[in-house]
Amino acid sequence: MSTIVFPDHHSPAADAEALRKACQGWGTDEKGIIGILGKRNAIQRKLIRQAYEDLYQEDLIKRLESELSGDFEKAVYRWALDPEDRDAVILHTAIKKTPTIDYRAIVEISCTSSYDELLAIKRAYQIRYKHSLEEDLAQRTTSHMRTFLVGLVSIFRYQGEEINARLANSEADILHGAICKEKAFTHEEIIRILTTRTKPQIIATLNHYKDDHGTSITKHLRDEQSCDYVSALRVAIRCICDHKKYYAKVIRQALNRAGTDEESLTRVVVTRAEKDLKEIKEVYHKRNSVTLDHAVAKDTSGDYKAFLLTLLGN
């Protein structure tokens with residue numbers, strides 16, 4: 001469930017006027033910006049952007065970019081965008097990251113989005129960057145990582161809930177043979193199964209794998225190699241099997257490292273706030289014995305902290 005606290009009725013024009021006032025004068029009223037944008041859902045934010053442009057012949061997002069800075073600016077900028085446009089920006093940033101791409105963000109969006117959502121993201125990407133997502137991703141990757149990631153963003157997954165138990169059993173054996181017997185982590189069958197099967201079918205296959213062989217597939221992958229490609233396989237499996245647990249771990253790692261990983265923290269909060277951040281908060285609390293709100297408040301500061309806490313439901 002969403003953590004956003006938003007009014008049932010609001011005036012886009014009044015919100016646009018308030019944001020205009022917050023950006024004028026000698027200093028920006030960051031609290032005013034947080035109080036409006038942080039408490040509006042995606043439809044309301046879109047109406048505010050339209051009203052702002054109609055009233056002032058100015059792009060609200062560009063104005064916010066010029067007024068704000070640092071991690072706070074990045075979080076507000078991404079939050080103010082339409083969800084599919086925001087994810088397109090996150091993907092482009094991940095692909096263009098140097099010296100190597102941020103494969104985690106790419107796998108996350110690919111494996112947690114529905115087909116319709118991913119199609120909308122890919123359309124937004126093309127409109128914004130004048131290239132296809134697949135084209136840019138293929139240009140910045142090589143070998144098996146390219147095959148795997150391009151496969152994830154290109155595929156049309158069937159959205160049904162049906163499960164073929166016999167197929168799950170046979171493909172669990174295929175995966176075990178490739179990983180544990182052949183040590184062929186780049187085996188085409190691994191990529192085929194993870195990029196083409198439905199999510200319920202993959203979950204059934206991985207459950208068979210654990211039941212038949214006594215250990216989860218991610219444990220076998222972790223024991224054998226630590227290269228980016230194998231890590232990307234593990235991220236995909238975790239996102240498909242239990243993305244809430246996965247995201248709770250991403251946040252914990254972002255907060256517990258030496259120097260907070262604001263990029264990962266921002267990505268999870270702004271992309272999940274209107275989807276399932278409430279459940280992610282519950283998982284985080286259960287696994288870490290501290291509330292996510294408390295952990296974020298402890299490791300962040302200033303307007304960035306205030307904005308994240310607002311998106312978390314404070």
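Note that the structure is predicted; figures quoted are calculated from it, not measured.
Using a 4.0 Å cut-off between charged side-chain N and carboxylate O, Lys31 and Asp303 make no salt bridge. Salt-bridge annotation for Lys199 and Glu161: absent, with no side-chain N of the basic residue lying under 4.0 Å from a carboxylate O of the acidic one. With salt bridges taken as basic N to acidic carboxylate O contacts below 4.0 Å, none links Lys62 and Glu65. Using a 4.0 Å cut-off between a side-chain N of Lys or Arg and a carboxylate O of Asp or Glu, Lys74 and Glu262 do not qualify as a salt bridge. Taking a cutoff of 4.0 Å between a charged side-chain nitrogen and a carboxylate oxygen, Glu282 and Lys244 do not qualify as a salt bridge.
Side-chain contact annotation: Ser132 with Gln126, donor-acceptor N/O pair under 3.5 Å absent. Checking His208 against Asp173 by side-chain atom types alone, no donor-acceptor pair falls below 3.5 Å. Thr266 and Tyr304 form a side-chain donor-acceptor contact under 3.5 Å, judged by distance and modelled atom types alone.
Residue Lys281 is tested with Asp293, Thr291, Thr3 for a side-chain hydrogen bond (donor to acceptor under 3.5 Å, both in side chains); the sole match is Asp293. Put simply, the residue from Leu152, Thr198, Leu118 that forms a side-chain contact (heavy atoms from CB on, under 4.5 Å) with Arg157 is Leu152. Each of Arg238, Glu108, Arg234, Arg104 was compared with Tyr246 under the side-chain hydrogen bond (donor to acceptor under 3.5 Å, both in side chains) criterion, and only Glu108 meets it. Partner of Asp85 under the salt bridge (Lys or Arg N to Asp or Glu O under 4.0 Å) criterion, out of Arg49, Arg128, Arg78, Arg45: Arg128 alone.
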(message) As a quick check of understanding, evaluate salt bridge (charged side-chain N to carboxylate O under 4.0 Å, His left out) for Arg40 and Asp15, giving each step before the final call.
(response) CA-CA 10 Å; Arg40 301 292 185 270; Asp15 285 346; 2.8 Å; yes
(message) Show, in sequence, the C-alpha distance, side-chain angles and deciding distance for Arg146 and Glu134, and conclude whether the salt bridge (charged side-chain N to carboxylate O under 4.0 Å, His left out) test is met.
(response) CA-CA 10 Å; Arg146 173 190 289 168; Glu134 293 89 341; over 6 Å; no
(message) Walk me through whether Glu67 and Thr28 qualify under side-chain hydrogen bond (donor to acceptor under 3.5 Å, both in side chains).
(response) CA-CA 7 Å; Glu67 294 289 335; Thr28 305; 2.7 Å; yes
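You'll find the side chain of Met1 reaches within 4.5 Å of the side chain of Glu279, heavy atoms only.
Applying the ring-ring contact (aromatic ring centres under 6.0 Å, His included) test to residues at least two apart or on different chains, none of the pairs has a partner in residues 247-266.
Grouped with Ile43 in one hydrophobic cluster are Leu47, the linkage being side-chain heavy-atom contacts under 4.5 Å among Ile, Leu, Val, Met, Phe, Trp and Tyr residues.
Separation of the Tyr209 and His220 ring centroids falls under the 6.0 Å cut-off.
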